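Everything on this sheet refers to the single structure shown next.
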Amino acid sequence: MSHRPSARATAAVFALLAAALAACGGSSSSESSSASATASTIDDATATPTGTITVYSGRTEKLVKPVIDRFTAATGVTVELRAGDSGALAAQILTEGKASPADVFFSQDAGALGAVAGAGLLRTLPAKGLLDVVDPAYRATDGTWVGTSGRVRVLVVNPTLAPNPPKTIDDLLAPAWKGRLGYAPTNASWQSFVTALRVLRGEEGAKTWLTAFAAQQPKAYEKNGAVRDAVDKGEIAMGLVNHYYLYEKIAAEGAAKVVAKNVYLAPGDPGGLVNVAGAAVLASSDNAVAAQTFVRFLLNEESQSYFATTTFEYPLRTGVPQASDLPTLASLRPPKIDLADLESIEKTQELLTSVGLLTK
Amino acid sequence: MTTAVATGSRARRRRVELPPWQLLGPTVVVALVALAPIWYLVDQALDRGWGPAIEEVAQRRTVDLVVRSTALAGFVTLATVLVGAAAAWIVARSDLPGRRVLRVAFAMPLAVPSYLSAFAWVSWDPSIAGFWGAALVLVATSYPYVYLPVVAALGRIDPAQEEIARSLGWGEGRIAVGLTLRQARPAVLAGALLVAQYAYMDFGAVATMRYEAFTWVVYGAYRAGFNPTRAALLSVVLVAVSIVLVTAEGIARGRVDASRVGGGAARRGRPVRLGRATGPAAVFVVVVLGVALAFPVVSVVSWSLWRGGEAVAFGEVFSALWATVGVSAIAALVTAVAALPVGLLAARYRGWIARRLEQATYVAHTLPGIVLAISMVYVGVRLLRPVYQELPLLALAYVVAFLPLLVGSVRAAVEAVPERLEDIARSLGTSRSGAWWRVTLPAARPGIAAGTALVFLATMKELPITLLLRPTGTETLATRLWGHTTLSDYSAAAPFALTLLVVAAVPTALLSGLLLVRGREDGGHVG
Amino acid sequence: MSAEATHDTAPVLEVRGLRKSFGDRRVLDGVDLVVPAGSITAVLGPSGCGKTTLLRIVAGFEHPDAGTVTVRGVRVAGEGTDVPPERRRVGVVPQEGALFPHLDVRRNVGFGLPRGAASTERIRACLELVGLADRADARPDQLSGGQQQRVALARALAPNPSLVVLDEPFSALDTALRAKVRDEVVGALRAAGATAVFVTHDQEEALSTADRVGVLLNGRVAQCGEPIELYRAPASIEVARFLGEAVVLPGELDRDVVRCALGAVVPGSVPPGASSGSFLTVVVRPEQIVPSADGVGATAGETTYFGHDGLVRLHLDDGTEVDARWAPPLLPRPGDRVGVRVVGEVAVYAAPGPGR
């Protein structure tokens, strides 16, 4: 009986909604048009860093806090740290666009950095003393981000169960290893390896290997640490993990108690991929000088040694030694690949799903 | 006369007229806020225009995803209804010993975050992963959504009906299923809607159990694909699912409403003797509580024993605890304030506008946490830049995420307050809105408080929104837990996980108290 | 409290031509009702006659489709006026009390009062009026049904309303309690000098309690008056049938008497236009048919025994069946021959009776 008043109110609601949507449409279009990489680099060597910077970190507070504390002590610049998942933080930056409060994006992997760089939201870093202290293989070709530490894909092996471990990923397909392999299907580094496989062997080649690998009935674990522990306990003969998981266990339990060993794959084998964590300065940063100083700080010898000794990662600054037990990166001769190509993880996940290695 | 009263009261249960502006205004504002994610989704989904959008959605894979997610949500909803209703019946109507303890214990799994439960199971046996693992965890963590309202409803049913049924030759089993639980149908429906939505949006269980559901793919689109458009398009499909669910529940509820008879129980019925069924009932209790509560708790306790571990960082635990309690309390209170007008309007008014406004607050409820988080990022940087990554916007994001939990509670609680009381208040000189303030809402307080506790609980366990929108430097128990488990440092994570479980148990106990104490032990009415 | 109310000669409530439909069901179809100041008026009607709807319209909870409601000379509903309930000063006592469950007795009674010392005194006075001064701190669920009803009355009286309306106030109480609570409530209403309207489907309750009774039939007030007048001289056969048992017989006017199956009976009044020889309808109450040796011959049929009296079915010699209400010692056995006659005046209607 009250048709007219309700119709009027409905109209009012829609007018409000329309206004809100119009406001949104306007702002988003203006942003996408202005999205382009900032070409001019800042010379932070001469400018003095001051104020505060906000760091979006894909690494947890526990890992980066010591470096940040030293940075603040050295420069007087305060750091607002926002730790989260690298991928989610990249999505956040992509959504924030030019309005992002972030000055630095410190990512656990190259893919997330590449995605943000692709949207034109990163500032080109200067070569001198910053990009050029790192091997070109571990930084962006366009200079928008730089690797800060590396991790190598290895086989973690139980020497009793596998006295003669494979040296290539194709050796893993031997009948002897059927049902005795372990992997962590949701782990980002594993998925990076598969992405590298796609880049190196093509989609068909990758699919062939993955299908054969799936036929080996490998055991899926929740995390790399669980793969390592299963190998150590002798539940399986070996697993595909990052190199530092073994060292974490040794550090926690003592070398005497740990049975498992790392086996590095043959030079150039896709299984020996090196993934990097890296950092970048946001194009929208209102304190680019301090931000760039922070990235430079991550690459100084002190910070690089910190990564090497506490997380057992490979320092990427040329000349900084890795932890004593590790072979040098150069001696490993990992597969040659542009890390920016590792961005297409979603396609990798589709491939993994199709061969039955990701979901159940 | 009785028929006249009955028809009369049914006719005026909800007004068709336009609600007064004091109610309509706030409700429209709240509905618009709740629709904020839709604004983002539409804008993002149509980023590349209609053509690519339709192409992206109209894939075989999308259909597969709908089927897979619906299979999971459907199974979980059915199973939670069975488990929740059985648990409620045992507590409310059977003579199983220890019901007082069970009454609260059955609600406790609400305190267990799905990611914790899932992780505990997968670490114990990785082969559990997949559909059944995900279903197990979802049922274990969400059956209290059915159990709580049903056990409250059972306490209000007139035992005389059971006695009459018995005199007509019905057996105990037939009475329990065909009469007692049948009357709790509105409560079952409300709980089932929450569970279904939860099963669609939860990430912890499907991610850990590696079941390729919608949430999994949406997270992947953001975090691995860096493809927000795809994520948004899939989310739009989820919103469509949500609308179907909400509409279906609305239709089912409408039917139940018409057949519901008023009046409360004058006395409490004698418990049903289980007899030979005592054994199976006890096994049911042990299995449910073992799977849903004991196993995850024991598993978390065992973490602290892993690898000796370093000393517990009590300072960090305490500050995380305070941050968690503070943020959750603010979120719960703000959400309660936002839910009041919506729930009141939904309970007291009918018609197109009232229905749509209420439903608007529900549609975002099937959206995964990361979608809500990113949409609030989107809204925040555009409209609320000054409070971006500050408490007000964080609270607003929680409001959007958890509003449906509270709107449902407020609506149910207000519906239980006879409109007659408002009439009386008005005849005593109070305006209509005055009557709501002085009579309806105070009388509905237990139900509203229960909903508030539910939101408090949900906020404590929340992770993706907290990570992206918290004020810089704020660490909650959930973010600390995430930080440590990301590094596989379970001994360091254990104190945070344990604190979370213990602290979450408080609102859970409060919740069961608020919902269940209503029917006083010895029957309230003397006359 | 309402000393002035008793001086007031104008009616407190005037309802004119009230109509109300729910969907296509017409509930009220032109209700007229006048309630004098200081009186207790019962609205009596069968189930579903719209009594509650009438009260809800008077209280302002429902809007009439047509007609007007005037309280103390002020139009509150109809013809464009719609005074909200909170400004009508009409106190409501609903079925089952409907106390505010979250408030104790004191706060329930004080709900319609401003805060302050005067109100505290008023609450005490009202509770005393209903005899519950000692239960001020009790919660509603600690009270018996009758106590709840009395608190509801105290709550309605507290703000000193122009009119109190009570909706089937005693129907939820069991029989034993009912009469007691009824007396207490009516006593309190009279002590307060309040003007009250209550609705009920219980004729005994209406006739014994109220000063005036309005009979609501088919959406209209068929008759309104003092109880005894209503019973003795029902305005229509419907009213007569609704109020107590009625023996309806065809008759013929013969000067001052009406001849019918029960012989010559004396009409209370003669319908206008009726003259000697007119066919009429006679309504006789069963208690008016008494044993009389020289009366109309009849054979006794079955008897229904009520304790204080009994109903006997009489087969009159002309074949007509009537029921008579006699004291137990007078009750015949089935088959006994008896003679009967009618005492007192009977109601007579022009309306064509069953004989037509």
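Quick note on labels: first sequence line is chain A, next is B, and so on, each numbered from 1. All figures in this text were calculated on a predicted structure; none of them were measured in a lab.
- Highest contact tally toward chain B, considering only C:E96, C:R155, C:Q147, C:R87, is held by C:R155 [criterion: heavy-atom pairs under 4.5 Å].
- Listed for the C:R150 side chain is no donor-acceptor partner under 3.5 Å among the backbone atoms of C:V185.
- No more than 12 heavy-atom neighbours from other residues, nucleotides or ligands sit within 6.0 angstrom of CZ on C:R107.
- With a 4.5 angstrom heavy-atom cutoff, C:A152 does not touch chain B via any of its atoms.
- Between C:R56 and B:D423 there is a salt bridge, since a side-chain N of the basic residue sits under 4.0 Å from a carboxylate O of the acidic one.
- Looking at C:A98, the atoms closer than 4.5 Å to chain B (heavy atoms on both sides) sit in the backbone and in the side chain alike.
- A heavy-atom distance below 4.5 Å is found between the side chains of C:S171 and C:R178.
- Using a 4.5 Å cut-off between heavy atoms, C:R89 does not touch chain B at all.
- Of the two parts of C:L99, only the backbone, made up of N, CA, C and O, holds a non-hydrogen atom closer than 4.5 Å to a non-hydrogen atom of chain B.
- Sparse packing is recorded around CG of C:N218, with 12 or fewer heavy atoms of other residues, nucleotides or ligands lying under 6.0 Å away.
- Taking each heavy atom of C:P46 and C:F242 in turn, the nearest pair found is N-CZ, 3.5 Å.
- Heavy-atom distances place both the backbone and the side chain of C:V92 under 4.5 Å from chain B.
- Residue contact with chain C, scored on non-hydrogen atoms closer than 4.5 Å, involves the backbone and the side chain of B:P442 alike.
- For B:A435, no part lies near chain C; criterion is any non-hydrogen pair under 4.5 Å.
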